[in-house]
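Written below as structure tokens is the structure these notes are about.
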Amino acid sequence: MKLMQTLKHLFTPAWMRGRAFSAETLSAIEVALGESEKWHRGEIRVVIEGSLGLAELWRYSSARARAEELFSRLRVWDTEENNGVLIYIQWLDHKVEVIADRGLATRVPQAEWDQLCHRMDYAFREGDYRGGAVMAARELGLILAAHFPAPGINPATLQDRPILL
């Protein structure tokens with residue numbers, strides 16, 4: 001299984017994720033994130049990764065481990081209230097992870113994040129990448145609004161545009 005996964009990653013060009021996450025889909029995700037930030041003080045980043053290189057395949061034992069590394073590297077944790085959230089989509093392996101900073105993780109049970117991942121994964125399996133990602137952005141916005149409501153104008157500290165790797 002690991003050999004097949006490695007070969008799949010090594011021989012699938014990263015640009016193929018563009019079939020699922022087109023420029024229009026990325027723009028729709030960006031708009032949904034921007035709209036959600038009107039309701040809360042949190043920060044949401046979306047990372048969509050196509051194929052992994054050999055070094056990443058060797059280093060990361062799971063999509064969760066890769067998401068945690070990106071959470072750190074992209075400094076999603078670097079928010080004033082420790083309320084950053086990363087949505088990590090590993091397109092080729094059909095894996096979705098949500099990593100929440102400690103200020104939010106103590107308030108929202110892991111089961112709620114898992115349910116969000118399952119709903120997103122279901123939409124993706126149905127071929128609805130845009131709908132699944134926009135739904136996740138909106139739902140995360142509602143979760144953040146319940147715990148960190150925006151007092152008024154809320155400037156974003158992290159970019160809303162999804163990151164493609």
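Taking both residues in full, the closest heavy atoms of Val76 and Arg45 are given as CG2-CG, 3.6 Å, listed atom of the first, atom of the second, then distance. Closest non-hydrogen pair, Ala100 versus Ala105, comes out as O-CB, 3.9 Å. Of all the heavy atoms in Lys38 and Ala150, the pair that sits closest is O-CB, 3.5 Å. Heavy-atom minimum distance, Ile44 versus Gly141: CD1-N, 4.2 Å.
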Report all side-chain donor-acceptor pairs from residues 83-91 shorter than 3.5 Å, counting only partners two or more places apart or in another chain.
residue, atom, partner, partner atom, Å
Asn83, OD1, Thr79, OG1, 3.2
Asn83, ND2, Arg41, O, 3.4
Tyr88, OH, Glu49, OE1, 2.5
Gln90, OE1, Leu92, N, 3.3
Gln90, OE1, Asp93, N, 2.7
Gln90, NE2, Glu49, O, 3.4
Gln90, NE2, Gly50, O, 2.4

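In the hydrophobic clustering of ILVMFWY residues, with side-chain heavy atoms under 4.5 Å counting as a link, Leu26 and Met135 come out together. In the hydrophobic cluster analysis, where Ile, Leu, Val, Met, Phe, Trp and Tyr join through side-chain heavy atoms closer than 4.5 angstrom, Leu7 is grouped together with Leu54. Residues Val108 and Phe71 do not share a hydrophobic cluster, clusters being chains of Ile/Leu/Val/Met/Phe/Trp/Tyr side chains in contact below 4.5 Å. Note: the hydrophobic cluster containing Leu52 also contains Leu165 (ILVMFWY, side chain heavy atoms under 4.5 Å, direct or indirect links). Hydrophobic clustering (ILVMFWY, side-chain heavy atoms < 4.5 Å, transitive): Trp77 and Val47 are in one cluster.
Glu35 CD to Asp160 CG: the interatomic distance, rounded to the nearest 0.5 Å, is 10.5 Å. Between the CZ atom of Arg17 and the CD1 atom of Ile48 there is a distance of 8.0 Å, given to the nearest 0.5 Å. Interatomic distance, His40 NE2 to Leu104 CG, rounded to the nearest 0.5 Å: 10.0 Å.
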* What do the steps show when you test Leu33 against Val46 for side-chain contact (heavy atoms from CB on, under 4.5 Å), and what is the final call? -> CA-CA 9 Å; Leu33 290 173; Val46 176; 3.8 Å; yes

* Under the side-chain contact (heavy atoms from CB on, under 4.5 Å) criterion, do Leu70 and Tyr60 qualify, and how do the steps go? -> CA-CA 11 Å; Leu70 290 169; Tyr60 304 107; over 6 Å; no

* **side-chain contact (heavy atoms from CB on, under 4.5 Å) between Leu142 and Trp39, intermediate numbers included** => CA-CA 8 Å; Leu142 293 173; Trp39 316 324; 4.1 Å; yes

* In sequence, state the C-alpha distance, the side-chain angles, and the governing distance for His94 and Arg125, and then conclude on side-chain contact (heavy atoms from CB on, under 4.5 Å). => CA-CA 8 Å; His94 308 286; Arg125 279 185 279 134; 5.8 Å; no

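Judged as a salt bridge (charged side-chain N to carboxylate O under 4.0 Å, His left out), and not counting sequence neighbours, the contacts of Arg73 are Glu69. The ring pair (Phe, Tyr, Trp, His ring centres under 6.0 Å) check on Phe21 picks up Phe124, Tyr129, with sequence neighbours excluded. Among residues two or more places apart in sequence or in another chain, the ring pair (Phe, Tyr, Trp, His ring centres under 6.0 Å) test is passed with Phe148 by none.
Side-chain contact between Arg119 and Glu139 is present, with at least one heavy-atom pair separated by less than 4.5 Å. Looking at heavy atoms from C-beta onward, Leu144 lies out of side-chain contact with Ser36 at the 4.5 angstrom threshold. Contact annotation: the side chain of Leu116 never approaches that of Glu112 to less than 4.5 Å [non-hydrogen atoms, C-beta and beyond].
Side chain of Ser51 to main chain of Thr12: a donor-acceptor pair is present (N/O by atom type, distance under 3.5 Å, no hydrogens or angles). No side-chain donor-acceptor contact under 3.5 Å links Glu37 to the backbone of Gly34.
Residue pairs meeting the side chain to side chain donor-acceptor pair (under 3.5 Å) criterion with at least one partner in residues 97-108, sequence neighbours excluded, are Arg64-Glu97, Asn82-Arg102. Residue pairs meeting the side chain to side chain donor-acceptor pair (under 3.5 Å) criterion with at least one partner in residues 20-31, sequence neighbours excluded, are Ser22-Glu24, Ser22-Thr25, Ser27-Arg161, Glu30-Arg161.
Atom CD of Gln110 has more than 12 neighbouring heavy atoms from other residues, nucleotides or ligands inside a 6.0 Å radius.
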